[in-house]
Participant: 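Just passing along the structure, written as structure tokens.
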Protein chains: 2
Amino acid sequence: MTTGGTPTVETIAEHAGVSIASVSRVLNGHGARADTVRRVERAAAELGYVPNAVARSLQGGRSMQLTFAMQDIGNPVYVSMVRQIQSLAKAQGYRLLLHSTDAVLADELAVLRSLADRTSDGLIICPIRITPEHLEALRTAARPVVVIGSLPSEAPVDSVRTDSVAGARLAVHHLLDTGRRRVAFINGPADTVPGANRYAGYRSALEERGLSVDPALVRTTEFTIEAGAAALHALLDEAPAADTAADHTADAAAEPRLDAAAVDAVFCANDQLALGAAQALHSRGLRIPEDVAVAGMDDSTLTRASWPPLTSVDLGSAERGRIAARMLLDRLSQDGGDAPPPASARTETVTPRLIVRASTTAAPTAPAAERLPEEACR
Amino acid sequence: MTTGGTPTVETIAEHAGVSIASVSRVLNGHGARADTVRRVERAAAELGYVPNAVARSLQGGRSMQLTFAMQDIGNPVYVSMVRQIQSLAKAQGYRLLLHSTDAVLADELAVLRSLADRTSDGLIICPIRITPEHLEALRTAARPVVVIGSLPSEAPVDSVRTDSVAGARLAVHHLLDTGRRRVAFINGPADTVPGANRYAGYRSALEERGLSVDPALVRTTEFTIEAGAAALHALLDEAPAADTAADHTADAAAEPRLDAAAVDAVFCANDQLALGAAQALHSRGLRIPEDVAVAGMDDSTLTRASWPPLTSVDLGSAERGRIAARMLLDRLSQDGGDAPPPASARTETVTPRLIVRASTTAAPTAPAAERLPEEACR
DNA sequence: CTGAAAGCGCTAACAC
DNA sequence: GTGTTAGCGCTTTCAG
């Protein structure tokens with residue numbers, strides 16, 4: 001009585017006058033007599049048959065879905081990761097499930113645990129903090145997981161990281177190299193892995209030059225444009241040699257080194273903060289880079305959105321996304337993802353690169369055409 | 001013989017000494033004796049049982065997944081939609097499947113057709129063009145679909161649209177109101193719905209003021225920052241009264257109206273183009289808005305990334321995302337999504353709003369704190 | 001090469 | 001209340 005409703009293998013079988021087994025074989029290209037193939041294909045086409053992917057998953061044990069979990073898709077860094085992951089996943093027939101955790105710890109853990117519900121064949125996750133619970137959840141994950149970010153070395157989990165300490169050093173050295181001496185630092189939350197590392201890099205770069213961190217020049221805030229602007233204003237308002245806000249009008253350009261007495265460069269822990277800082281400088285009539293140089297991190301699209309174009313440290317977001325996807329896909333094709341990774345966890349590291357643009361040097365090193373690969377074809 | 005492997009209802013049943021039916025009931029809160037409940041819950045907890053969502057879907061006929069399909073997640077407009085959709089979906093227990101179609105027609109159709117594979121309970125799609133095949137696919141979609149974008153009125157599909165013709169008019173009128181007379185237009189692909197509408201708005205605004213479109217002032221290109229910059233350069237290089245590129249150096253600021261003879265305002269079909277145009281103006285030493293005013297569309301994050309902050313038409317991306325999600329969720333809770341929408345297709349329209357910032361007026365109308373709702377808490 | 005039949009793990013009738 | 005049983009739609013032995 002297979003009438004009405006959406007067609008199933010059974011419907012097709014009836015129409016083609018064969019068994020459901022034959023239908024399945026033909027549909028999966030498992031060889032059958034030419035005649036059988038033809039009849040099944042005809043019936044399937046006529047009825048507009050589409051295999052039920054859920055039933056297939058139940059039987060096959062794989063959902064052909066991958067999950068990507070990150071804090072907030074609003075961050076351009078995650079956007080470039082998503083693009084890469086989605087693209088590789090799609091090429092192998094996987095769908096992509098997106099999960100914003102809003103940096104809620106419980107949410108991250110829930111994602112990890114929910115791997116057991118068979119909804120997803122594997123997970124790529126960008127945890128913002130790594131707690132013991134995270135490690136435990138990673139260890140006992142029901143399916144392969146790749147972490148984008150730094151993990152304690154004992155953790156038996158595949159991961160892709162970048163050396164953001166070195167990245168931060170790169171930027172600060174560059175600022176010092178171009179003659180800056182009062183390099184301020186606007187950081188994101190200090191108790192996150194990225195926050196801690198970027199601070200470490202800032203500090204170590206200064207120390208390598210015989211300088212020390214001046215706490216008055218360091219601000220900790222959220223990773224947003226608005227927070228960056230606010231932090232910069234606070235910095236200049238409160239920094240030792242700074243004038244009061246009222247003095248900062250357009251004619252400040254006439255006496256550029258006045259404000260610069262307090263700060264002559266700002267290194268920001270990501271591009272959003274840097275953009276905010278640039279806004280604040282502009283609104284105070286300070287020139288970039290003449291009065292204050294600005295550098296960010298992530299080398300996101302935003303670097304090319306700002307004026308002058310923003311010097312930034314490329315932490316390889318797109319590349320990390322691509323590598324993570326590749327690692328996960330590898331894992332899945334190897335053992336079918338049935339066994340969680342053995343003691344053979346792999347770790348790949350992406351080397352940060354400084355991309356110098358006009359926000360730190362009047363005559364930028366690489367004027368243009370330096371960013372061709374994936375980002376260009378937006 | 002339910003040993004090893006991941007626990008199933010059967011494993012739990014054995015451990016608790018009850019039947020699988022009781023396990024299912026307890027797990028779904030369908031009432032059982034207190035004692036039974038306790039034993040089942042204990043067994044489940046001890047064994048770390050997680051229900052197999054795939055089996056559940058097969059049995060229940062719903063996957064608890066929603067799909068969002070758009071061109072490219074790299075566009076900030078889609079990012080704000082995704083955030084809203086994901087957030088509403090999550091609140092109702094749905095997961096979110098992301099699908100980038102890269103504006104490939106075949107891909108869009110494939111997504112529509114694949115609704116029949118039961119992977120997803122419903123779809124929100126942003127088609128860039130509407131072909132007869134689209135309409136046919138929409139009509140025969142196996143599950144509820146909500147379209148974000150304009151559809152022929154006969155189409156029996158729920159949709160959320162915005163009046164981008166009116167939006168474009170808003171921007172152009174604003175530019176004319178502030179005294180501009182040579183308003184250039186940088187558009188995206190003209191054969192897309194957004195491209196066509198924005199041009200229509202530009203044209204009609206000019207005509208409402210007794211002006212007509214000067215083809216030399218209109219450029220058609222891709223929706224990217226780079227394309228926007230290139231288009232602006234071409235515009236100034238080739239426009240009637242423009243000087244040669246060599247003349248555009250920093251000292252041009254001394255004779256501002258020189259270039260302005262060719263163009264004194266640029267209206268761009270989206271923020272990315274506008275940002276590119278702003279870059280190009282800066283690099284030519286032209287001042288914004290004194291020499292050339294710039295306005296964009298979408299009111300994306302980019303408006304606050306640029307300097308000066310970009311005047312833009314808010315087309316309610318986040319709001320459209322939210323409404324679309326709500327419509328879809330409504331549809332699903334009504335008829336369980338089994339029946340494709342009846343003749344009762346709903347259409348909601350979001351009214352565009354002009355957000356004036358410093359890129360068009362020296363003293364912006366709404367200095368700050370105008371964008372509190374969803375975008376602020378980035 | 002093809003068909004019959006056994007599940008994948010779960011929920012929902014249906015009896016007891 | 002609880003257990004038994006029948007599927008959801010598909011793939012895959014296992015015979016023939």
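Each chain gets a letter, A, B and so on, in the order its sequence line appears, and its residues count up from 1.
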Participant: Between D:dC10, C:dC8, D:dT2, spot the one nearest the side chain of A:Leu58, thanks.
Facilitator: C:dC8
Participant: Under the criterion side-chain contact (heavy atoms from CB on, under 4.5 Å), I'd like the reasoning laid out for A:Gln334 against A:Arg331: C-alpha separation, chi angles, the key distance, then a yes or no.
Facilitator: CA-CA 5 Å; A:Gln334 274 169 34; A:Arg331 204 54 99 171; 4.0 Å; yes
Participant: Which whole-number value in Å describes the distance from A:Ile12 CD1 to D:dT11 C1'?
Facilitator: 16 Å
Participant: Roughly how many Å is it from CD in B:Glu14 to P in D:dT4, rounded to a whole number?
Facilitator: 12 Å
Participant: On DNA chain C, compare the nucleotides closest to A:Ser19 and B:Val23; which residue's is nearer the 5' end?
Facilitator: A:Ser19
Participant: From the list D:dT11, C:dC14, C:dT2, which nucleotide is the closest neighbour of the side chain of A:Ser22?
Facilitator: C:dT2
Participant: Counting side-chain heavy atoms from C-beta on, which of D:dG3, D:dG9, D:dT12 comes nearest to A:His30?
Facilitator: D:dT12
Participant: Rounding to an integer number of Å, can you tell me how far A:Met64 CE sits from D:dC10 P?
Facilitator: 17 Å
Participant: Would you tell me if any nitrogen or oxygen in the side chain of A:Asn52 comes within less than 4.0 Å of OP1 or OP2 on D:dC8?
Facilitator: no
Participant: Heavy-atom nearest nucleotide on DNA chain D for B:Ala55 versus B:Ala32: which residue maps closer to 5'?
Facilitator: B:Ala32
Participant: Of the candidate nucleotides C:dC1, D:dC10, C:dC10, which contains the atom at the shortest distance from the side chain of A:Val9?
Facilitator: D:dC10
Participant: Whether the side chain of A:Gln59 and the base of C:dG7 hold a donor-acceptor pair under 3.5 Å is what I'd like checked.
Facilitator: yes
Participant: Would you indicate which nucleotide in D:dG1, D:dT4, C:dG3 comes nearest to any side-chain atom of B:Ala21?
Facilitator: D:dT4
Participant: Can you tell me the distance, in whole Å, between the CZ atom of A:Arg62 and the P atom of D:dT11?
Facilitator: 14 Å
Participant: Just how far, in rounded Å, is C1' of C:dG9 from CZ of A:Arg56?
Facilitator: 19 Å
Participant: Looking at every strand, decide which applies to B:Val18 at a 4.0 Å heavy-atom threshold: base, sugar-phosphate, or nothing.
Facilitator: sugar-phosphate
Participant: Taking the basic N atoms (NZ, or NE/NH1/NH2) and the acidic carboxylate oxygens, is any pair closer than 4.0 Å for A:Lys90 and B:Asp107?
Facilitator: yes
Participant: Does this structure show an ion pair linking B:Glu136 with B:Arg139, if we count only N-O contacts that are shorter than 4.0 Å?
Facilitator: yes
Participant: With respect to the side chain of B:Tyr49, which nucleotide from C:dC10, D:dG9, D:dG3 is positioned closest?
Facilitator: C:dC10
Participant: Can you measure B:Glu10 atom CD to C:dG7 atom C1' for me and round it to whole angstrom units?
Facilitator: 11 Å
Participant: Think B:Ser24 has a side-chain N or O under 4.0 angstrom from the OP1 or OP2 of C:dT11?
Facilitator: yes
Participant: Where the side chain of B:Thr36 is defined as all heavy atoms beyond and including C-beta, which of D:dC10, C:dG9, D:dG1 is the nearest nucleotide?
Facilitator: D:dG1
Participant: Can you tell me how far the CZ atom of A:Arg118 sits from the OG atom of A:Ser57, to the nearest 0.5 Å?
Facilitator: 11.5 Å
Participant: For B:Arg39 and D:dG1, what is the distance between atoms CZ and P respectively, to the nearest whole Å?
Facilitator: 16 Å
Participant: For B:Arg25 and D:dG1, give me the distance from atom CZ to atom P, rounded to whole Å.
Facilitator: 10 Å
Participant: Consider side-chain contact (heavy atoms from CB on, under 4.5 Å). Of A:Ile124, A:Leu96, A:Val77, which one does A:Val82 pass it with?
Facilitator: A:Leu96
Participant: If you count heavy atoms of other groups shown closer than 6.0 angstrom to CZ of B:Arg346, is the number above 12?
Facilitator: yes
